[in-house]
Amino acid sequence: MTTQPSGPDLAQIRRVVTEIPGPRSLELAQRRKQSVSAALGAAVPVYADRAGGGVVIDVDGNSLIDLGSGIAVTNVGNSAPLVVEGISAQAHLLTHTCFMVAGYEPYIQVCEELNDLTPGDHEKRSALFNAGAEAVENAIKIARSYTGRNAIVAVEHAYHGRTNMTMALTAKNMPYKHRFGPFAPEVYRVPTSYPVRDGLTGVEAAQQTLARIETEVAAENLAALIIEPIQGEGGFVVPAEGFLPALQRWCNEHEVVFIADEIQTGFCRTGDWFACDHEGVVPDLITTAKGIAGGMPLAGVTGRAEIMDSVHSGGLGGTYGGNPVACAAAVGAIKTMREQDLAERARQLGAVMTTRLNALASDVDVIAEVRGRGAMMAIEFAEPDTLAPRADLPKRIAAACAEQGVIVLTAGTFGNVIRLLPPLVMSEPLLDDALDVLTHVIQTEADQ
Ligand code: PLZ
């Protein structure tokens, strides 16, 4: 048993005690170079030892404020008590049987929770997988099997994963697709709603999107339209109001499966259980992962019972999907979100970030937009007159923040976005301290 504080009991402060990266991180970087493929990136140069609440403690004892949540995963905080309890209790009972060999209750419990929490009160079924990309792959398989059609539509700036099918669905070449083709066929890309760049209302943008689908694909060939209700890797692009409901209506009218990819937006991140809730959008299928299990690998596809049950028996599965320990973690994470009303916390953190970042945007002219919802906020950098992307800034800003003990992530098709994804349990003083650092760094970097 560790006697040192852990999880939310770690001191919730920023403390930089060495240069960043410190000597032990540098040592690990050296070992990594000799042992780990150079193809894996790293957002910050430090190596983590412990984390909890809103901080990550590195191997040199620096305490960094975490505005990344491991890419929108640790919504309940790292090593959240109910997640840790769930994992340890389950690990003592059984670690694996394979759900397709001998089932177990935690899998069923997670499916019940997903059916209950996801948008819409229709009858639903769920299936569990290991990662977001695998959930997306399966949602596509299910939609094709149900409709008997092949084509899939994805939108510009979309991100859905790194497997072959999901690379085809993902828009951005570098780093996700470069030299990895050929990609899965029958994937069509259409425009989305990107208000700061297209200047369209939601209804106008939807007309443009649907006209493209009708002329270039046609509903009778189309199995599914997949979309992130707020784009993640693409730069936290929030579609104009009315865009998503119009797409959903068109899909329903044409019996096209409407898939909401809520892998990044789900589980209270945007201030609701799911981002679709904001405009009352009810997807036919929804993919989830990331925030579902407090950091354990777990993903799900949830949807209309008639669609989910239409696949032939044995048609879906995998050795590890819905592993019992990961499911127990999910049960603990979901309980934490409910008990601590983390959707409300996300709205509070979002209000703090919005106020502070809008104030900053009024004096920094290369900030094209501050946008997002709840605790999913971003800053897009571009030239004020032409909106030419400033991809140089986010990289420099993220590096300077890390040196001062704040983890921020970049995003955007053009690489010109800083995104903020604090754990939803972060205290306001800690968030304020991180925003002080970020504000100062942006003011300094934007002047250069
Ligand atoms: N769909 C909307 O955000 C994962 C990717 C990090 P996996 N986003 C983080 C990286 O560079 O690999 C994501 C997402 C949306 C699908 C996925 C894929 O989820 O769990 O990474 O497979």
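Because the structure is predicted, anything quoted here is derived from the model rather than measured. Counting starts at 1 for both ligands and their atoms, following the listed order.
Under the 3.5 Å distance criterion, with hydrogens and angles disregarded, a donor-acceptor pair is assigned to the side chains of H157 and T413.
Distances below 4.0 Å separate heavy atoms of E228 from the following atoms of ligand 1: 2 (C). Close contacts of ligand 1 with Q264, meaning ligand atoms under 4.0 Å from a residue heavy atom, involve 3 (O), 8 (N).
Annotation: Y176 places no N or O atom under 3.5 Å from an N or O atom of ligand 1; distance criterion only. For ligand 1, the polar-atom distance check finds no N/O of I71 at less than 3.5 Å from any of the ligand's N/O atoms. Of the polar atoms of A133, at least one N or O is found under 3.5 Å from an N or O of ligand 1, judged by distance alone.
Here the heavy atom of the protein found nearest to atom 7 (P) of ligand 1 is G132 N, 3.4 Å. Summary of contacts: the protein heavy atom closest to atom 13 (C) of ligand 1 is Y159 CE2, 3.5 Å.
Distances from atom 1 (N) of ligand 1 to the protein include at least one heavy-atom value under 4.0 Å.
By the criterion of a heavy-atom distance under 4.0 Å, both the backbone and the side chain of A131 are placed next to ligand 1.
Listed by first and then second residue, the salt bridge (Lys or Arg N to Asp or Glu O under 4.0 Å) pairs involving residues 277-287 are D284-R304 (not counting sequence neighbours). Residue pairs meeting the salt bridge (Lys or Arg N to Asp or Glu O under 4.0 Å) criterion with at least one partner in residues 227-250, sequence neighbours excluded, are E233-R419.
Residue R162 holds the heavy atom nearest to atom 11 (O) of ligand 1 of all those in R162, E262, E137, E134. Among H160, E233, K290, the residue whose heavy atom lies closest to atom 16 (C) of ligand 1 is H160.
With ring centers used as reference points, F274 lies under 6.0 Å from F267.
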Exercise. Please lay out, stage by stage, how Y176 and Y159 fare under the test ring-ring contact (aromatic ring centres under 6.0 Å, His included).
Key: CA-CA 9 Å; Y176 309 121; Y159 183 90; 4.8 Å; yes

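Between R390 and E445, none of the side-chain N atoms (NZ, or NE/NH1/NH2) sits under 4.0 Å from a carboxylate O, so this pair counts as no salt bridge. We find that R149 and E186 are not joined by a salt bridge, their nearest charged nitrogen and carboxylate oxygen being 4.0 Å or further apart. Look at R345 and D341 and you find no salt bridge, because none of the NZ, NE, NH1 or NH2 atoms lies under 4.0 Å from a carboxylate O.
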